[in-house]
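These notes concern the structure reproduced below.
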Amino acid sequence: MIETKTKSLLQSLVDVSQEAGKEILRIYADETLFDRVDFKSDDSPLTLADKASHNVIEKYLKEITPEIPILSEEGRNIPYEERSQWGQFWLVDPLDGTKEFIKRNGEFTVNIALVEGGKVIMGCVHVPVMDTTYFAAKGEGSFIVKEGVTTRIEASEFEMTASGLRIVCSRSHMTKEVEEYVAQFDNPEAVSLGSSLKLIMIAEGKADIYPRLAPTMEWDTAAAQVIVEEAGGTVINYETGEPVVYNKENLLNPWFIVFARKLS
């Protein structure tokens, strides 16, 4: 049974992610608001929905945990000298999959994670279009909330040499390196998807491997990583084989591979 304080905080994450999701959908459905897209310094898109979701989450988290700082993709740029002193912090992507949002394919999420000592100890991923929420806390398992019902989820078991492995790839960031990685398997079944939903597919047992041999940021993966890990999977650095860690000086993630329950 989940400890009472942890359970209460997880429920708060579910609640705020769903409220943020409602704001996103309000803009998603309004053509007069939907097309207002700006571009950040790295040329990545920024919509009114990103900003609206950020505002909802920041306000809520400051109310329930005023002592815990927040690092959000849409928040202020916080120097490493300050971040490195944090014992815990919230790591937030108010709208993961902005490109998918703009394409109107529904493959975008709200990601909220609690990081402690470089590791994610709690996370929530909400899928607004599906009205579905995933959450996990260290040592407590991974769960899905759909139509008011909460169910535990687990990653599938697989062998690397098996034929027909289900390999999920990025819809918007397919690279030559990923194509070469997938080609090593026997008759793989490749699936393209956007946002943190790729990691969620591993956690739900709907895919076996997700190779991400392209850039991502820490807020893109943190919440989904703990959901994968608590479902029995792993998220490992492509070069070192070690788990992906957070609150680095450079917030760019290393290349990584997500595995379900690997038997061999």
Side-chain angles (χ1 to χ4, degrees), residues 6 9-10 12-21 23-24 38-99 101 108-126 133-138 195-196 199-200 212 215-230 235 237 243-256:
T6 300
L9 196 50
L10 281 170
S12 293
L13 293 193
V14 170
D15 291 344
V16 67
S17 69
Q18 291 176 350
E19 285 304 310
E23 275 296 288
I24 291 170
D38 297 322
F39 289 88
K40 293 180 281 190
S41 59
D42 63 354
D43 289 332
S44 58
L46 174 66
T47 70
L48 287 179
D50 292 83
K51 300 171 187 176
S53 177
H54 166 81
N55 291 339
V56 168
I57 295 168
E58 183 178 56
K59 180 176 183 294
Y60 194 102
L61 292 180
K62 284 183 175 179
E63 288 177 354
I64 64 170
T65 56
E67 74 283 4
I68 301 178
I70 302 168
L71 178 62
S72 171
E73 180 180 12
E74 311 311 340
R76 70 181 180 90
N77 185 19
I78 301 172
Y80 180 67
E81 291 72 19
E82 180 180 343
R83 291 191 286 109
S84 64
Q85 303 304 308
W86 292 348
Q88 289 185 333
F89 71 99
W90 294 111
L91 183 55
V92 178
D93 192 341
L95 176 52
D96 181 35
T98 301
K99 290 182 179 178
F101 176 88
F108 50 86
T109 60
V110 177
N111 302 343
I112 308 173
L114 182 60
V115 179
E116 179 179 278
K119 298 179 180 179
V120 189
I121 62 171
M122 186 178 295
C124 178
V125 173
H126 177 61
T133 311
Y134 301 84
F135 66 88
K138 271 298 178 188
S195 73
S196 59
L199 288 94
I200 294 300
R212 181 61 185 220
T216 56
M217 301 300 292
E218 289 190 4
W219 43 71
D220 294 322
T221 58
Q225 178 165 339
V226 70
I227 295 170
V228 168
E229 292 172 344
E230 286 300 304
V235 182
N237 185 310
V244 173
V245 297
Y246 294 87
N247 203 22
K248 306 182 303 298
E249 183 170 4
N250 184 344
L251 293 169
L252 185 70
N253 279 328
W255 286 3
F256 61 85

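Asn253 places a side-chain N or O within donor-acceptor distance of the main-chain N or O of Met217, the cut-off being under 3.5 Å. Counting only distance, with no hydrogens or angles, the side chain of Ser195 and the backbone of Gly97 share no donor-acceptor pair below 3.5 Å. A distance-only check finds no donor-acceptor pair linking the side chain of Gln225 to the backbone of Val120 [under 3.5 Å]. A donor-acceptor pair is defined here as one N or O able to donate and one able to accept, closer than 3.5 Å; such a pair exists between the side chain of Thr65 and the backbone of Leu61. A donor-acceptor distance shorter than 3.5 angstrom exists from the side chain of Asn247 to the backbone of Arg83, with no hydrogens or angles considered. At least one donor-acceptor pair closer than 3.5 Å links the side chain of Ser72 to the backbone N or O of Glu74. Counting only distance, with no hydrogens or angles, the side chain of Ser53 and the backbone of Asp50 share no donor-acceptor pair below 3.5 Å.
One finds the CG atom of Asp15 at 9.0 Å from the CD1 atom of Ile64 (value rounded to the nearest 0.5 Å). Note that CH2 of Trp86 is 9.0 Å distant from CG of Leu91, once rounded to the nearest 0.5 Å. With values rounded to the nearest 0.5 angstrom, Glu23 atom CD is found 14.0 Å from Lys51 atom NZ. Taking CD1 of Ile78 as the reference point, atom CD of Glu81 lies at 12.0 Å (rounded to 0.5 Å). Between Leu114 atom CG and Trp90 atom CH2 the span is 4.5 Å, to the nearest 0.5 Å. Separation of atoms CD (Glu82) and CG (Asn77) is listed at 10.0 Å; rounding is to 0.5 Å.
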Original post:
After noting the C-alpha distance and the side-chain angles of Val235 and Thr221, does the key distance pass the side chain to side chain contact (heavy atoms under 4.5 Å, CB included) rule?
Top reply: CA-CA 9 Å; Val235 182; Thr221 58; 5.9 Å; no
Original post:
Could you go step by step and tell me if Leu199 and Val125 meet the side chain to side chain contact (heavy atoms under 4.5 Å, CB included) rule?
Top reply: CA-CA 10 Å; Leu199 288 94; Val125 173; over 6 Å; no
**OP:** Under the side chain to side chain contact (heavy atoms under 4.5 Å, CB included) rule, what do Gln88 and Ile121 come out as? Steps first, then yes or no, please.
**Re:** CA-CA 10 Å; Gln88 289 185 333; Ile121 62 171; 3.7 Å; yes
**OP:** Check step by step if side chain to side chain contact (heavy atoms under 4.5 Å, CB included) holds for Leu10 and Thr6.
**Re:** CA-CA 6 Å; Leu10 281 170; Thr6 300; 4.0 Å; yes
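Val226 and Gly123 make their closest contact through CG1-N, 3.4 Å (heavy atoms, listed as atom of the first residue, atom of the second, distance). Here the shortest heavy-atom pairing between Asp93 and Trp219 reads CB-O, 3.4 Å. What you find for Phe108 and Phe101 is that their closest heavy atoms are CD2-CA, 3.6 Å. In this structure, Tyr60 and Ser12 approach most closely via the heavy-atom pair CE2-O, 3.7 Å. Pairing each heavy atom of Pro254 with each of Lys248, the nearest pair is CD-NZ, 4.4 Å.
With 3.5 Å as the limit, one finds a donor-acceptor pair spanning the side chains of Ser196 and Thr109.
Within a 6.0 Å sphere centred on NZ of Lys138, other residues, nucleotides and ligands contribute more than 12 heavy atoms.
Considering Val56, Ile57, Leu13, Leu95 in turn, Ile57 is the only one that fulfils the side-chain contact (heavy atoms from CB on, under 4.5 Å) rule with Val110.
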